[in-house]
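Here the structure is laid out as structure tokens; the discussion comes afterwards.
Remember, it's 1-based here, ligands and their atoms both numbered in the order they're listed. Note that the numbering runs from 1 along the sequence shown for the chain.
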Amino acid sequence: MHSAKNFEVPVNRYGDDLESVLITEDELRTRIQELADATSKRFHDEEDDLILVCVLKGAAFFITDFARAMSVPTQLEFMAVSSYGNSTSSSGVVRILKDLDRDIKDRNVVIVEDIIDSGLTLSWLLKNLQNRGPRSLSVVTLLRKPEAVKVQIDLAEIGFDIPNEFVVGYGLDFAERYRDLPFVGTLHPRVYE
Ligand SMILES: Nc1nc2c(ncn2[C@@H]2O[C@H](COP(=O)(O)O)[C@@H](O)[C@H]2O)c(=O)[nH]1
Ligand SMILES: [Mg+2]
């Protein structure tokens, strides 16, 4: 489990809103290369380009770094979904706000996720995409909160297991802020209040 103990919060554009750094910029870079290497290896014999599906907006930073670290050709697709629930947890009832632009039938598809919390959103998405008849469908997630997971999902790659805390940065927001931080961290409680 990745914890914050050893990292100081670097000077950043949000002043002292950040309480701790869980994963530094260097750690992200190193681990993303490892995830891309493992994923490239799985698909290096395939003829067709691999389709990477980004679930907006949280995975946007991750997928761009991940795709550039891959050693096989990839094509990017974007989806936007809204998950009904309260402000801090999803219900698993999902509505598609933006669908893929292309047919994925008979194609190798990797969902590139920012974070798995309960896993309910991803579980719904996997069923939805599986019904479209891809040749293969797998998931690479940057973060996972093992203590929060409610549905077991088969994950091809996991970047970091983190504590059950609300995190921001590297694509992850609170009220649309903090996505542009180059590291993953936690906010001071006063920011929520
Ligand atoms: N900024 C943050 N967003 C989070 C966090 N944990 C989850 N999420 C968002 O929810 C979905 C996944 O939710 P799930 O319960 O259905 O697995 C994820 O893609 C994020 O958009 C968090 O700590 N910080
Ligand atoms: Mg997500």
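For the ligand labelled ligand 1, residue Val168 lies outside the 4.0 Å heavy-atom shell. Distances shorter than 4.0 angstrom do not occur between any heavy atom of Gly58 and any atom of ligand 1. Using a 4.0 angstrom heavy-atom cutoff, Glu165 counts as in contact with ligand 1. Using a non-hydrogen distance threshold of 4.0 Å, Leu122 does not register as a contact of ligand 1.
Residues Leu137 and Arg132 fail the side-chain proximity criterion, which asks for heavy atoms closer than 4.5 Å. Residues Ile116 and Leu143 fail the side-chain proximity criterion, which asks for heavy atoms closer than 4.5 Å.
Between Glu113 and Arg144 there is no salt bridge, since no side-chain nitrogen of the basic residue lies less than 4.0 Å from a carboxylate oxygen of the acidic one. The existence of a salt bridge linking Asp173 and Lys57 is excluded, since no basic side-chain nitrogen approaches an acidic carboxylate oxygen closer than 4.0 Å. Looking at Arg135 and Glu46, a side-chain N of the basic residue comes within less than 4.0 Å of a carboxylate O on the acidic one, giving a salt bridge. Note on Asp114 versus Arg179: no salt bridge recorded, every NZ/NE/NH1/NH2 to OD/OE distance being 4.0 Å or above.
In the vicinity of Thr121, heavy-atom distances shorter than 4.0 Å reach the ligand 1 atoms 13 (O), 14 (P), 16 (O). Within ligand 1, counting atoms from 1 as listed, the ones closer than 4.0 Å to a heavy atom of Ser118 are 14 (P), 15 (O), 16 (O), 17 (O). Of all atoms in ligand 1, listed by their number and element, those nearer than 4.0 Å to a heavy atom of Asp114 are 18 (C), 19 (O), 20 (C), 21 (O). Heavy-atom proximity to Leu172, at under 4.0 Å, picks out these atoms of ligand 1: 1 (N), 2 (C), 3 (N).
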(request) Apply side-chain hydrogen bond (donor to acceptor under 3.5 Å, both in side chains) to the pair Arg42 and Ser138, showing each step before the final yes or no. (result) CA-CA 11 Å; Arg42 280 200 292 135; Ser138 55; 3.2 Å; yes
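Using the six-membered ring where Trp is involved, Phe62 and Tyr170 have ring planes that are tilted, between 30° and 60° apart.
Considering only non-hydrogen atoms, atom 22 (C) of ligand 1 lies nearest to Phe166 out of Phe166, Tyr178, Trp124. The closest non-hydrogen atom to atom 1 (N) of ligand 1, taken over Leu125, Asp173, Asp117, comes from Asp173. If you check each of Leu56, Leu22, Ile115 against atom 8 (N) of ligand 1, the one with the closest non-hydrogen atom is Ile115.
Environment of NZ in Lys127: sparse, with no more than 12 heavy atoms of neighbouring residues, nucleotides or ligands closer than 6.0 Å.
Within the structure, salt bridge (charged side-chain N to carboxylate O under 4.0 Å, His left out) pairs that include any residue of residues 58-71 comprise Asp65-Arg68 (at least two apart or interchain).
Below the 2.8 Å limit, the Mg ion (ligand 2) has as protein N, O or S neighbours Glu113 OE1, Asp114 OD1.
A donor-acceptor contact under 3.5 angstrom links the side chains of Asp17 and Tyr178, judged on distance only.
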